[in-house]
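Data first, discussion second: the structure below is written as structure tokens.
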Amino acid sequence: MTTFRIDYQCPQCGAPANLEETDRLFACPFCRVRSFLLTRDYFRYVLPAKNPAGKELFYLPYWRFKGTLLFSLPSGNDHKFLDVNQCAADAPGMPSTLGLRAQAMKLKFLSQDLAGRFVAPTHSFSETFTAFQTRFSQTLPKPILYSAHLGESMGLLYSPFYAKGRLYDAVLDTPLGSAIAPGAFSDKGFKDEKPDWHLNFVPALCPDCGWDLEGQRTALVLHCRNCGSSWYPSGEILTRVPSDCLQDAEAGPYYLPFWQITCEISDIALKTFGDLVKVANLPKIVDRSLGARDFCFWTPAFKLRAPAFMRLAESFTLTQAQDLLVPALPPERHHAVTLPVEEACESLKVVLAGFLKPRRRISELLTRIVVNPTHFRLAYLPFREDRHDYIQVQTGLAVNKNLLSLSGNL
Ligand SMILES: [Zn+2]
Ligand SMILES: [Zn+2]
């Protein structure tokens, strides 16, 4: 699986740079300025035209989804990994998908100064996404009780075309093998828009104390070692996110990040650890103080293939290790947060479906239950390393090292 590569210019000094789609923290090798890439919603990319001079280019929008579809079935959970795109405008005769083209070339971020017409999407992302879900769930046994997505979810790709007697694909500068007869093309039906979007750069400095924020290039959460705070993008600004850490006396463990997500849950009583013991029918006897502790969901805060992700989310949710944590930043040897909490929230109902008992009530309950996240915190847990795995020190749960290193592009 490849990510997009993006041609780019440092906003400070104009030096050319290459970014990967997953990069968030950009450190310019020339002027040394570090900035964090933010967008109010999703990233927009442009496929560059081959010989743009003298052509009246128009750009067609394509919705892009990369991630995993999760499905709750009466027999258990299933998933499918997708990397797809689909034309977002009504454009008969035009390519309905760009296939893998965008992965094979260098893209640019959409910018206001790019010449050409931009066709407005006529289909929303959710409409297109529902069509993906339907198409890819066709081979699954029915009924599908609930479906969700996991991973970086969306983006808009603009691909250039032009008409000159006939239609041309401007990326390759070749005529389009189109169903439209030469001369018959009309772009009158297209609605233009001036894309009101730009990439936002914020200096990677602590909004509270001005200290340099620390993080790896793909990190969604940055840390300030001066005032001990953690920062997470919310729209176009960085907001503080509470971070906890499980201290470990053992020298040199590797820390992996998890989201702790507190929710309001309808139709079942699941507010405390005592409720969890009943809902999941855990073979545990809990005393009153343990039983009264607040329940929250746990999920990995890093990308991982769906089966491993779901297994860890379910195991840590059943463990409820909140009382082992203290508010603190992780040591330097830690894995970056690469999964947005919004994506983690998408998975919660599927996590719940994994442990809800009795199983025969799942179909009936899952269609009714609403899981409404209310707040979240980060937790960094220590893992010791052996040849193949990272093993969580307190619970013995393992994450395969290979799987983790392959998950960066998911
Ligand atoms: Zn620079
Ligand atoms: Zn600070």
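The model shown is predicted, which means the values in this text are computed figures rather than measured ones. Values below: every heavy atom of this structure, side chains too, minus hydrogens, waters and symmetry copies. Read the numbers this way: they start at 1 and go in the same order the structure lists the ligands and their atoms.
- Geometric assessment of Arg44 against the ring of Tyr42 yields a positive cation-pi assignment under the 6.0 Å and 45° thresholds.
- A salt bridge links Arg240 to Asp208: at least one charged side-chain nitrogen sits closer than 4.0 Å to a carboxylate oxygen.
- For Asp323, the salt bridge (Lys or Arg N to Asp or Glu O under 4.0 Å) test picks out Arg293, with sequence neighbours left out.
- With Asn85 contributing its side chain and Leu157 its backbone, the two residues share no donor-acceptor pair below 3.5 Å.
- The salt bridge (Lys or Arg N to Asp or Glu O under 4.0 Å) search around Glu214 returns Arg225, not counting sequence neighbours.
- Annotation: protein N, O or S atoms under 2.8 Å of the Zn ion (ligand 2) (waters excluded) comprise Cys206 SG, Cys209 SG, Cys224 SG, Cys227 SG.
- With salt bridges taken as basic N to acidic carboxylate O contacts below 4.0 Å, one links Glu385 and Lys401.
- For the Zn ion (ligand 1), the set of protein N/O/S atoms nearer than 2.8 Å consists of Cys10 SG, Cys13 SG, Cys28 SG, Cys31 SG, ordered by chain and number.
- Open room surrounds CZ on Arg288; 12 or fewer heavy atoms of other groups in view lie less than 6.0 Å from it.
- Relative to the six-membered ring of Phe4, Arg64 meets both conditions, a distance below 6.0 Å and an angle of at most 45° to the axis.
- Atom CD of Glu56 is surrounded by 12 or fewer heavy atoms from other residues, nucleotides or ligands within 6.0 Å.
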